[in-house]
A.B. asks: 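One structure is given below, represented as structure tokens, and several questions about it will come after.
Note: hydrogens, waters and symmetry copies are ignored here, and every other heavy atom, side chains too, is used. Not measured: the values here are computed from a predicted model.
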Amino acid sequence: TGDNRDQRSYLAWSTLWLTAAYNATREKGHLLVFIDWRQLPTMTDAVQAAGWLWQGIEVWHKTTSRPRANGFRSDSEFVVWATKGPMGKQDTSTAVYLPGVHHCAPPSNRAHTTQKPVEMLEWLCSILPAGSTICDPFMGSGSTLIAGRNLGHQVIGADLSDQFCQHAAGWLSDTDLAA
């Protein structure tokens, strides 16, 4: 229902859940939030209002897109990246250096309208320390949970839709059998 809000109420709502996420996150923990260009300025404001330290924006180039007559293709989605406090000194011997743009197509057989490809989520989660806990409070189909588990992280997901909770649980169970 957050998609139906005007800018001011979307900012207030986002600040509330981002503050709850901030309070539940360990020091130096990461926040990664997908957003489209229309809500990007509002989301970066909400992230900072909730106490997160904004680190930057990554781009998911979807490689497929909807054409726009006399305009630019809508073939990108953005990921707002923030941390709980400064990241501190990094061990460069184990550091990961990722480009700011990742190219991959959306899943062809989506269970959820905004489902992200597991490959994209694995790329994003590769910046996390080994054995991290990933929480996705808007998990939809469960792609983030699959990606996090594939990388050896603990995963927690929630969604308002019972249908998507059941789908994610089934998908996680199916991948357990395949592993």
A.B. asks: So F34 and W60, would you call those rings parallel, tilted or perpendicular, with 30° and 60° as cut-offs?
C.D. replies: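 The arrangement is perpendicular - the two ring planes meet at more than 60°.
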A.B. asks: Quick check: is I156 connected to L32 through a chain of hydrophobic side chains (ILVMFWY, heavy atoms under 4.5 Å apart)?
C.D. replies: no
A.B. asks: Does the side chain of E58 reach to within under 4.5 Å of the side chain of H102, using non-hydrogen atoms?
C.D. replies: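 No, every pair of side-chain atoms sits at 4.5 Å or beyond.
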A.B. asks: Do I134 and C125 make a side-chain contact, defined as non-hydrogen atoms from C-beta onward lying under 4.5 Å apart?
C.D. replies: yes
A.B. asks: Quick one: CG on L128 to OG1 on T133, what's the gap to the nearest 0.5 Å?
C.D. replies: 10.0 Å
A.B. asks: Shortest non-hydrogen contact from A168 to G142?
C.D. replies: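 For A168 versus G142, the nearest heavy atoms are CB-CA, 3.9 Å.
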A.B. asks: Going by an N to O cut-off under 4.0 Å, is there a salt bridge joining R8 and D6?
C.D. replies: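 Looking at D6 together with R8, the answer is no, because their closest N to O distance does not fall below 4.0 Å.
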A.B. asks: Could you walk me through whether T63 and D75 pass the side chain to side chain contact (heavy atoms under 4.5 Å, CB included) test, one step at a time?
C.D. replies: CA-CA 6 Å; T63 69; D75 64 355; over 6 Å; no
A.B. asks: What is the ring orientation for W81 with H30, classed by angle as parallel under 30°, tilted 30 to 60°, or perpendicular over 60°?
C.D. replies: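 Plane angle under 30°, so parallel.
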A.B. asks: Indicate, with yes or no, if L53 and V79 share a hydrophobic cluster defined by side-chain heavy-atom contacts under 4.5 Å among Ile, Leu, Val, Met, Phe, Trp and Tyr.
C.D. replies: no
A.B. asks: Hydrophobic clustering (ILVMFWY, side-chain heavy atoms < 4.5 Å, transitive) - are L16 and F138 grouped together?
C.D. replies: no
A.B. asks: Check whether any side-chain heavy atom of I57 sits under 4.5 Å from a side-chain heavy atom of L40, and report yes or no.
C.D. replies: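 Heavy-atom side-chain distance check passes, below 4.5 Å.
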A.B. asks: Determine yes or no for a side-chain-to-main-chain donor-acceptor pair under 3.5 angstrom, with D159 supplying the side chain and G140 the backbone.
C.D. replies: yes
A.B. asks: Would you sort out whether D45 and L11 count as a side chain to side chain contact (heavy atoms under 4.5 Å, CB included), showing the intermediate values?
C.D. replies: CA-CA 8 Å; D45 289 348; L11 174 63; 4.0 Å; yes
A.B. asks: So, for K62 and S76, which heavy atoms are closest and what is the spacing to 0.1 Å?
C.D. replies: CE-C, 4.4 Å
A.B. asks: Which value, rounded to the nearest 0.5 Å, describes the distance between M120 atom CE and H103 atom NE2?
C.D. replies: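 Those atoms lie 10.5 Å apart.
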A.B. asks: For M43 and F78, what are the C-alpha separation, side-chain angles and deciding distance, and is it a side chain to side chain contact (heavy atoms under 4.5 Å, CB included)?
C.D. replies: CA-CA 11 Å; M43 183 54 69; F78 303 94; over 6 Å; no
A.B. asks: Looking at S14 and A46, what are the two nearest heavy atoms and their distance?
C.D. replies: CB-CB, 3.7 Å
A.B. asks: When clusters are formed by joining ILVMFWY residues with side-chain heavy atoms under 4.5 Å apart, either directly or through shared neighbours, do V80 and W13 land in the same one?
C.D. replies: yes
A.B. asks: Would you kindly confirm whether V101 and I35 end up in one hydrophobic cluster when ILVMFWY residues are joined by side chain heavy atoms under 4.5 Å apart?
C.D. replies: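 Yes; tracing contacts between hydrophobic side chains, which count when under 4.5 Å, links both residues.
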A.B. asks: When rounded to the nearest 0.5 angstrom, what distance separates CH2 in W123 from CG in L98?
C.D. replies: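 W123 atom CH2 to L98 atom CG measures 6.0 Å (nearest 0.5 Å).
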A.B. asks: Let me see the working for L151 and E122 under side chain to side chain contact (heavy atoms under 4.5 Å, CB included), right down to the final yes or no.
C.D. replies: CA-CA 7 Å; L151 296 173; E122 287 175 345; 4.2 Å; yes
A.B. asks: Can any side-chain N or O of S143 pair as donor or acceptor with the backbone N or O of K116 at less than 3.5 Å?
C.D. replies: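 Between the backbone of K116 and the side chain of S143 there is a qualifying donor-acceptor contact (under 3.5 Å).
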A.B. asks: Would you say CD of Q7 has more than 12 non-hydrogen atoms from neighbouring residues, nucleotides or ligands within 6.0 angstrom?
C.D. replies: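 Counting other residues, nucleotides and ligands, CD of Q7 exceeds 12 neighbours.
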A.B. asks: I need the S126 OG to H153 NE2 distance, nearest 0.5 Å.
C.D. replies: 8.0 Å
A.B. asks: As an exercise, state the distance from CE of M139 to CG of L145, rounded to the nearest 0.5 Å.
C.D. replies: 6.0 Å
A.B. asks: Donor-acceptor pair, distance only, cut-off 3.5 Å: does the side chain of W52 make one with the backbone of L18?
C.D. replies: yes
A.B. asks: Between S173 (side chain only) and A169 (backbone N and O only), is there a donor and an acceptor less than 3.5 Å apart?
C.D. replies: no
A.B. asks: Is there a donor-acceptor contact under 3.5 Å from the side chain of K84 to the main chain of Y22?
C.D. replies: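 Yes.
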A.B. asks: What's the separation between atom CG in L121 and atom CD in Q115, rounded to the nearest 0.5 Å?
C.D. replies: 9.5 Å
A.B. asks: Do V155 and T144 have side chains that approach each other closer than 4.5 Å (heavy atoms only, starting at C-beta)?
C.D. replies: no
